[in-house]
Amino acid sequence: MLLEIKDLRVRYGGAEVLKGISVEVEEGSVVTLLGGNGAGKSTTLRAITGLAPIYGGEIWFDGRRIDGQPPQKIVELGIRHVLEGRALFPYMSVLENLRVGAYLQKDKRRTAETLKDIFLHFPRLKERQDQQARTLSGGEQQMLTIARALMGNPRLLLLDEPSLGLAPMMIREIAKIVKGIHEQGVTVLLVEQNTRLALRVADMCYLLETGSVAACGATRELMESDQVRKAYLGL
Amino acid sequence: MDITAQDAVQSIINGLCMGGTYVLIGLGLTLILGIMNILQFAHGEVYMVGAFIVYLLCVLNGVNLYLAVVISMIATAVLGLILERVFLRPLKGVFLSYVCVTTGLSLILQTAVMLVFSKGVKQLPSLWGGSFSVGGMFISRERVVAIVIALLLTLALYSFLKWTRYGLAMTASAQHREGALMQGINPNLMSALVVAIGSGLAAVGGALGGSIFNLDPYMGGLAFMKGVTLIVIGGLGSIPGAVVGGLFLGVAESLLALFFGSQMGIILPLVLVIIFLLFRPKGLFGHD
C-alpha cells in the first residue's frame with residue numbers, strides 16, 4: 001500500500017470529526033472519498049498532510065509513519081495536496097505560482113523539463129503565464145492549482161473538491177485531467193461532492209458518513225449494490 | 001517670511017532623505033506583518049540598535065563609516081534571527097500576545113542601550129561632506145547619498161523577492177499561508193528570513209538617520225510610528241507601496257514644516273492614517 005490510514009481520529013475543539021476511519025490507497029490507483037457535508041472527507045485529506053489535529057490512529061506513506069510530522073516534511077516525501085478553494089498565490093503570475101510549486105526541486109534543469117511538460121498538458125496556462133493568478137477564470141484557476149501540485153512531481157496527489165463551483169463543461173475537463181494524471185502513474189486520492197465525476201475516474205470508493213466509513217469497495221461493485229446506490233449515491 | 005525656491009528644493013531633498021529612512025524601517029514591518037501576522041512593536045528599537053552599533057564601531061572605535069554600516073546591518077540581522085527564534089516564533093498565531101511581548105522588548109532594548117551608551121544626543125559622521133550646486137541651488141551630498149542607498153537596498157529586496165527561490169517562497173507565504181505550506185515551504189525558515197532581512201534593512205535606516213540627524217535611545221518610537229503610517233498609506237505587504245508611501249510621507253512632512261512650522265509635520269502622519277483608514281483602507285497599492 002502506498003498510503004494506509006489506520007483508525008484515524010481527529011477532533012476540533014470538543015467535536016470529534018473523524019471517529020476512527022481506515023483507508024487504503026494502492027500505488028497507481030484512483031481512490032475517492034464520497035459523502036455529504038461534514039462527513040469528514042476534507043478533514044481526512046488535511047490530516048494526511050498534517051493540517052488537521054490528529055489525536056488517534058496512524059498514517060503510513062510508503063512504509064513510513066507520517067502522522068505528527070510537520071506539513072512541509074510530509075510534502076517532501078512526495079505527497080501533494082490540492083486544497084479546497086484552490087489556495088493560489090493571487091497576486092503572483094501563473095508562471096510564478098508554478099515556480100513556487102517546484103520549490104523543493106533544486107535541480108533547475110528538471111524544473112524546466114517539468115514546466116515544459118505542464119505547459120504541454122495545459123496550453124491555456126502557457127498562454128496566460130504572465131497574468132496574475134487572480135485574473136484567471138474559475139476553471140483556469142483550478143487547472144493552475146493542479147498544475148502547481150504536479151510541478152512537485154508527486155507520487156500521491158490529494159484532490160479536494162476540484163469541481164467545486166465549475167461549469168459542467170469545465171467539470172468534464174477536470175475529469176479528463178485527473179484521468180491523465182493517473183495515466184502518468186500518479187496515485188490519486190480524490191474528494192468530491194460531484195459523485196458522477198468521482199465514480200467515472202475512481203477504482204476504489206469509500207463512503208463516509210459523519211466521521212466513519214459506511215461502506216467501501218471497488219467502484220464497480222458498489223455501483224451494482226442497489227442499497228448503496230440509493231442511500232449514498234443518489235443514482 | 002519669504003520662502004525661496006532654494007528653501008523648497010532643500011526641503012524636498014530633506015523630505016526624500018527622511019522618507020528613505022522611513023522606507024527602510026517600513027519594509028521590514030510590512031513584510032513581517034504579511035508573513036508572520038505580527039506587528040513588530042520593537043522594530044523601531046531594532047532600527048535604533050542598528051544606529052548605535054554604527055556609533056560604537058565608527059565613533060568610538062574608528063572603523064570606516066561605510067564598513068561600520070555593513071557590519072551593523074549583518075549584526076542587526078543576527079539580532080533579528082535571535083528575536084525571531086526566542087520571542088516571535090512562539091507567538092505566531094497567538095492573538096495579541098505579541099503586542100505585550102514586542103512592546104516589552106522595545107522597552108528592554110531602549111533601556112539597555114541607554115545603560116551602555118548613557119543618555120544624551122549623539123551623532124554619526126557625515127556620509128559625504130559638503131554640497132554641490134545645481135542651477136544655483138545648493139544640495140547637500142550626504143542627503144543624496146542617503147536617498148540613493150535607501151533606493152538601492154529597496155531595489156535589491158525587490159529583486160530578491162521576485163527572482164530567487166527563497167524570495168518567491170516568501171512572497172507566496174505572505175499571499176497564502178497554507179498554499180505555501182503545501183508546496184513544502186518551511187514556515188519557520190520563512191519567518192526567520194523575513195525578520196533577519198527586515199532587521200538588517202532597519203539598521204541601515206537607523207544609520208542613515210543617525211548620520212544626518214541625531215541618535216538617541218528613544219529614536220525608535222517615532223520611527224516605528226512612521227513605519228506604521230507608511231504601511232497604511234502604501235498598503236500592507238506591498239513593496240512599491242512602502243517606497244511611495246515612505247517618500248510621500250517624508251516630503252509632505254518636510255514641506256508642511258517649511259510652510260506651517262514643524263508642529264504640522266508631526267501631526268500630518270496621524271491625519272493621513274485617519275484619512276486613509278476612512279477612505280482607502282487597503283492603501284495605495286495594497287490588496288484587499
Side-chain angles (χ1 to χ4, degrees), chain A residues 42 45-46 48-52 69-93 95-108 111 130 132-135 141 144-154 156-160, chain B residues 30-31 33-37 85 89-90 92-95 157-194 231 234-242 244 282-288:
Chain A
S42 291
L45 296 194
R46 293 178 67 81
I48 296 170
T49 37
L51 296 173
Q69 302 259 7
Q72 71 269 17
K73 289 273 173 236
I74 297 170
V75 170
E76 231 178 300
L77 294 173
I79 303 181
R80 282 305 171 106
H81 188 167
V82 173
L83 294 162
E84 192 177 356
R86 296 164 199 157
L88 290 171
F89 310 122
Y91 296 92
M92 294 173 92
S93 71
L95 186 63
E96 284 168 343
N97 268 275
L98 293 173
R99 284 204 190 290
V100 175
Y103 173 78
L104 290 175
Q105 175 60 261
K106 280 164 195 139
D107 183 349
K108 282 194 179 149
T111 303
D130 295 321
Q132 280 192 348
R134 72 196 167 104
T135 65
Q141 289 193 1
L144 177 56
T145 178
I146 293 174
R148 182 180 64 180
L150 294 176
M151 283 300 289
N153 292 308
L156 173 64
L157 184 64
L158 312 179
L159 288 173
D160 198 346
Chain B
T30 195
L31 289 177
L33 187 54
I35 287 179
M36 300 182 74
N37 224 358
R85 186 69 196 86
R89 193 182 296 178
K92 263 200 289 193
V94 188
F95 185 57
L157 176 69
Y158 185 80
S159 314
F160 168 76
L161 291 176
K162 193 85 185 160
W163 304 114
T164 69
R165 175 167 172 260
Y166 288 115
L168 280 174
M170 268 170 66
T171 314
S173 306
Q175 290 187 13
H176 201 296
R177 214 161 302 217
E178 265 190 3
L181 210 52
M182 287 301 102
Q183 314 312 315
I185 295 168
N186 183 344
N188 294 330
L189 176 66
M190 291 300 118
S191 45
L193 260 181
V194 75
I231 295 178
L236 174 60
S238 164
I239 293 190
V244 172
K282 65 176 179 175
L284 291 174
F285 292 81
H287 310 143
D288 294 305

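Note on naming: letters A, B, ... go to the chains in the order of the sequence lines (proteins, then strands), and numbering restarts at 1 for each one.
Interatomic distance, A:Gln105 CD to B:Gln183 CD, rounded to the nearest 0.5 Å: 14.0 Å. For the atom pair CD (A:Gln72) and CG (B:Asn188), the distance works out to 7.0 Å, reported to the nearest 0.5 Å. Between the CZ atom of A:Arg99 and the CZ atom of B:Arg165 there is a distance of 13.0 Å, given to the nearest 0.5 Å. The CE atom of B:Met182 lies 7.5 Å from the CD1 atom of A:Ile74; values are rounded to the nearest 0.5 Å.
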Let's go through A:Val100 and B:Thr171 carefully: what are the C-alpha distance in whole Å and the side-chain angles of both, what is the deciding distance for side-chain contact (heavy atoms from CB on, under 4.5 Å) to 0.1 Å, and is it a yes or a no?
CA-CA 10 Å; A:Val100 175; B:Thr171 314; over 6 Å; no
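Residue A:Arg134 does not touch chain B at all, counting heavy-atom pairs closer than 4.5 Å. Neither the backbone nor the side chain of A:Ile79 has a heavy atom closer than 4.5 Å to any heavy atom of chain B. Using a 4.5 Å cut-off between heavy atoms, B:Leu161 makes no contact with chain A at all. The contact between B:Ala180 and chain A is made by backbone and side chain atoms together, counting heavy-atom distances below 4.5 Å. For A:Lys106, the part lying near chain B is the side chain, with the backbone staying farther off; criterion is any non-hydrogen pair under 4.5 Å. In this structure, chain B has a heavy atom under 4.5 Å from the side chain of A:Leu83, while its backbone stays farther away.
For B:Phe160, the CZ atom counts as densely surrounded, since its 6.0 Å shell holds more than 12 non-hydrogen atoms of other residues, nucleotides or ligands.
With hydrogens and angles ignored, the 3.5 Å screen pairs a side-chain donor or acceptor of B:Gln175 with a backbone N or O of A:Tyr91.
Considering every non-hydrogen atom in both A:Leu88 and B:His176, the closest pair reads O-CB, 3.6 Å. Annotation for A:Tyr103 and B:Gly184: closest pair CE2-O, 3.6 Å, computed over non-hydrogen atoms.
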